[in-house]
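My questions all concern the structure below.
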Amino acid sequence: MPTPARDLQQLARDHLWMHFTRMGGYAAADVPIIVRGDGCYLEDANGKRYLDALAGLFSVNIGYGYGEEIGRAALEQMRELPFYTNWSYAHPKAIELAAEVASLAPGDLNRVFFVSGGSEAVESAWKLARQYYAARGEKRPPSSRRYKAIARHIAYHGTTMGALSINGIPALRTPFEPLVPEVRHVRNTNRYHRPAGESEAEFTQLLLDDLEQAIVSMGPETVCLVHMEPVQNAGGCLTPPAGYWQGVRAVCDRYDILLSADEVITGFGRLGAWFGSERYDIRPDIITSAKGLSSSYGPIGAVIATDRVMEPFLDSTSMYAHGVTFGGHPVMCAIALKNIEIMKRERIVEHVRDTQDVFRAKLETLLDLDIVGDVRGTGFFYALELVKDKEKRETFDDDECESLLRGFLSNALFDAGLICRQDDRGDPVVQISPPLVAGEREMDEIVGILGEVLAEASRLMR
Ligand SMILES: Cc1ncc(COP(=O)(O)O)c(C=O)c1O
């Protein structure tokens, strides 16, 4: 017998500590309790339906409708071998998934190290980069080894101490300082607030100069990793200007630094390619991935490295000195394999590629509203930047953001049956990242609800 909705409310308040949640906010309000999902839709404990324009957390790429099929794959694996470790042992599903991921990843990104999620993937990438140079034979005392990392302002890369240190969001970092040494944050690719006369090529050059200056001032021989998303989520779908990734690759090569593409969101189809690295020809040494690998039907992530990065670890006495119990969990691998099988069978990546322009065009109609300053993104990954004055591209101050985003928008959108995210870690944005199975009907519904609610927000803020 399922627990009745009223009891669930009480039990949630008494016992469940939710992530990144102002728990005090639920002293007088109901905890939203989601009980089931199908396709792009969710239903709460009161029977109300929502269009999930966030795909869980940018992650349920195939939507919510494949539980039976994926459940069968999980059950078969449970019967066969519910758990065994990847520490010195292999098992068929980890091997098959590693081979499958390697075949989808671009270039010679052929070596796959499994973890349980995105933060662990980022953590593992940094540790891998730290150990790589020593494994390659560079003999230096710890204090002068390559250990530093570079990421971008406002970027989100996870919450474990290493990944948190790579994060470029001050509000998430400061409560936990001192953090892991040593990360420098460079300019991100937000062009919306750049001077009107600046060309795209000038902007690219500014970003590359900033990156290079950071490396030089940190001491190039102490930097092991540059870690960036193909399209940065936090700050609102910051796409790269032309030539950016080729420039970043060249700077990393110049100083012999490993380049890591954080594809925790962009991997597995969100940008209309299996990986953003392919879409933008990034040629990273490492990819971090999670979320879409299993469409979040199971907690699994992966660090994907090139043959070159693994090469020094193939020596008979060498070892990447890192591991987690659940890395390559056979049931999670079976789930991820089935997810990829479904994505291929249903041609989901092709669907994103073929319909992304339609989606974008529909979202751009929202630019008619005073409050929508910019629509940016690509694939099924977009953000609307909200502005106080569109002419001047003036943003809202902190108090206005609080009343606009948390005071009005999040409730109004949820009440209207739309789940998306309002974020002011950079300038205020609404993030839209639906399951990759969304069709024109869902796109129209997203744009329809956003149009009504944002028009009301516009009136309120005036
Ligand atoms: C780009 C990026 N990297 C890393 C992470 C951390 O992943 P997880 O929440 O699975 O630890 C996230 C999570 O949203 C992410 O968006």
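Both counts, for ligands and for their atoms, begin at 1 and track the order of listing. All values below come from the heavy atoms of this structure, side chains included, with hydrogens, waters and symmetry mates left out. Worth saying up front: this structure is predicted, and the values here are computed from it rather than measured.
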Query raised in the report: What is the minimum heavy-atom distance between Ser433 and Phe381, and which atoms define it?
Result: OG-CD1, 3.9 Å

Report task. For this output row, return yes or no: ring centroids of Tyr89 and Tyr84 closer than 6.0 angstrom. Result -> yes

Query raised in the report: At under 4.0 Å between heavy atoms, which part of Lys291 makes contact with ligand 1: side chain, backbone, both or neither?
Result: side chain

Query - Ring centroid separation Tyr64 to Tyr41 under 6.0 Å - result: no

Query raised in the report: N/O of Asp262 under 3.5 Å from N/O of ligand 1, yes or no?
Result: yes

Requested in this report: Kindly indicate whether a cation-pi arrangement holds for Arg146 with Tyr133, taking the cut-offs as under 6.0 Å to the six-membered ring centre and within 45° of the axis.
Outcome: yes

Query raised in the report: Does ligand 1 have a heavy atom under 4.0 Å from the side chain of Tyr156, from its backbone, from both, or from neither?
Result: both

Query raised in the report: Looking only at N/O atoms, are Gly118 and ligand 1 under 3.5 Å apart anywhere?
Result: yes

Query - Donor-acceptor contact below 3.5 Å, side chain Arg308 vs main chain Asp285 - result: no

Query raised in the report: Side chain, backbone, both or neither: which part of Ala290 comes within less than 4.0 Å of ligand 1 when only heavy atoms are counted?
Result: neither

Report task. Check whether the side chains of Thr266 and Arg279 place a donor and an acceptor atom closer than 3.5 Å, and report yes or no. Result -> no

Query raised in the report: Which ligand 1 atoms are under 4.0 Å away from a heavy-atom of Ile265?
Result: 16 (O)

Query - Geometric N/O contact Ser119 with ligand 1, under 3.5 angstrom - result: yes

Query raised in the report: Can you list the ligand 1 atoms lying under 4.0 Å from a non-hydrogen atom of Glu229?
Result: 1 (C)

